[in-house]
Amino acid sequence: MSTPSRRSQSASPLALFAGLFDDAAVFPPGSYPVDVALQRRFERAATVDARYVGSLLAPPALIDRILQEVHPVTVVVIGRPGADLDEVLGSADAVAEDSTHALAGVQLARQGGWEKIIGLGVPVAVELPAGDYERGLDSLVPHRFQVLAKLRTGATPNNDVPSCAQLAAFIVVCHEREVSFKLTGEMHHAISHGAGDEREFGFLNVLAAVNAVLDGVTAVDLEAILDEREAARVLEHVGRIDDGRAHDVRNLFQSYGCCDVDDPIRDLRTLGLIEENL
């Protein structure tokens, strides 16, 4: 195992956490009505917490309502598994052509014809199955400057929560292929906890694991970091990240979708990693 490098000063909050939490308020299990999700977002915009929140994630069915807003909204259109690609493309086009709102990207499952979304010229995150991500990643490599990999970290009727070994291997392969990634599902808190389908990976554990893979550690070593339950030990790993390395960490792990972004922000504040929301 390589010895992780130690750096003189921990990364600033903005370097490590800016835009880390994509706003998936309209998706389960939060499932906020779109009007409520938008109002919460507009209220948060006047606070320091807005720095840590990324784009609003929305399915095609809600795009017409969002485009009625007079306040600008930065949107990522989400095509869940089985979604009609033409509907996803049409919704994304509508946002891109709107003079008030901004299209920040598209996320969709890997399915036949997904490449047509690349023509929009925005970042595209392609969701890969936990058990078959390596072959899927190979198909993304030719487009890696625009296309990201996406892995679901929460349980659904068709997917189990990935194991520590599966998530560790996914991170390693993304690093080896130089493909950035996003995560989604059941990552409400900073530190990993639970087991089986009740497992929740901690977002600080993931940041620490990404930093470790940049230092050359093995997938087996990453498993231990992802499964670490002691906050002090996770914070020690994260404390090795300085501003320069934070750029590299976040370039690989760009963000994750969370249905209530107040949860992870609250954890950061409780752990003393970000300022009070005055």
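Numbering of residues begins at 1 and proceeds along the displayed sequence. Since this is a predicted model, take the numbers as computed values, not measurements.
- Although no hydrogens or angles enter the test, the distance criterion places no donor-acceptor pair under 3.5 Å between the side chain of Glu87 and the main chain of Gly79.
- Within the 3.5 Å criterion, the main-chain N or O of Val238 finds no donor-acceptor partner in the side chain of Asn211.
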Quiz prompt | Intermediate values then yes/no, side chain to side chain contact (heavy atoms under 4.5 Å, CB included), Val106 and Val76 | solution = CA-CA 5 Å; Val106 176; Val76 172; 5.6 Å; no

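- At least one side-chain heavy atom of Val147 sits less than 4.5 Å from a side-chain heavy atom of Trp114.
- Side-chain contact between Val126 and Leu140 is present, with heavy atoms from C-beta onward closer than 4.5 Å.
- Put simply, the side chain of Glu134 does not reach to within 4.5 Å of the side chain of Phe170, judged on heavy atoms.
- The line from CG of Leu16 to CG of Leu204 is 8.0 Å long, rounded to the nearest 0.5 Å.
- When the options Phe21, Phe201, Phe17 are evaluated for a ring pair (Phe, Tyr, Trp, His ring centres under 6.0 Å) with Tyr256, the one that passes is Phe21.
- In summary, Arg40 and Asp23 do not engage in a salt bridge, as defined by a charged side-chain N under 4.0 Å from a carboxylate O.
- Other members of the cluster containing Val36 are Tyr32, with ILVMFWY side chains joined at under 4.5 Å, either directly or via other members.
- Heavy atoms only, all atoms of each residue included: Ile225 and Ala208 are closest at CG2-CB, 3.7 Å.
- Taking the six-membered ring for Trp and thresholds of 30 and 60 degrees, Phe253 and Phe181 have nearly parallel ring planes, at less than 30 degrees apart.
- Inter-residue side-chain proximity for Val77 and Leu103 is flagged as met; some heavy-atom pair is nearer than 4.5 Å.
- In this structure the side chain of Leu56 reaches within 4.5 angstrom of the side chain of Leu38, judged on heavy atoms.
- Taking hydrophobic clusters as Ile, Leu, Val, Met, Phe, Trp and Tyr residues chained together by side-chain heavy-atom distances below 4.5 Å, Val220 does not share a cluster with Leu167.
- When every heavy atom of Ala58 is checked against every heavy atom of Ile63, the shortest pair comes out as CB-CD1, 4.1 Å.
- Listed here is the closest heavy atom pair of Gln146 and Ile118: NE2-O, 2.9 Å.
- Here the side chains of Val161 and Arg152 are not in contact, with every heavy-atom distance at 4.5 Å or above.
- Minimum heavy-atom separation, Arg110 to Ser139: NE-OG, 3.3 Å.
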Quiz item: Can Arg135 and Asp138 be said to form a salt bridge (charged side-chain N to carboxylate O under 4.0 Å, His left out), step by step?
Solution: CA-CA 5 Å; Arg135 183 174 59 179; Asp138 286 338; over 6 Å; no

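- Scanning both residues, Leu137 and Val173, for their nearest heavy atoms gives CD1-CG1, 3.3 Å.
- We find the CG-CZ distance between Asp160 and Arg199 to be 11.5 Å, quoted to the nearest 0.5 Å.
- Contact of the Lys116 side chain with the Asp86 side chain is registered, since non-hydrogen atoms from C-beta on lie closer than 4.5 Å.
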Exercise. Would you please test Thr218 and Val172 for side chain to side chain contact (heavy atoms under 4.5 Å, CB included) and show each step?
Key: CA-CA 8 Å; Thr218 66; Val172 169; over 6 Å; no

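- Annotation for Ala209 and Ile171: closest pair CB-CD1, 4.2 Å, computed over non-hydrogen atoms.
- For the pair Ser55 and Val75, the minimum side-chain heavy-atom distance is 4.5 Å or more.
- Note on Asp49 versus Arg51: no salt bridge recorded, every NZ/NE/NH1/NH2 to OD/OE distance being 4.0 Å or above.
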Quiz item: Does the salt bridge (charged side-chain N to carboxylate O under 4.0 Å, His left out) test come out yes or no for Glu69 and Arg41, once each step is laid out?
Solution: CA-CA 12 Å; Glu69 278 297 324; Arg41 188 170 178 86; over 6 Å; no

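- With hydrogens and angles ignored, the 3.5 Å screen pairs a side-chain donor or acceptor of Ser180 with a backbone N or O of Asn251.
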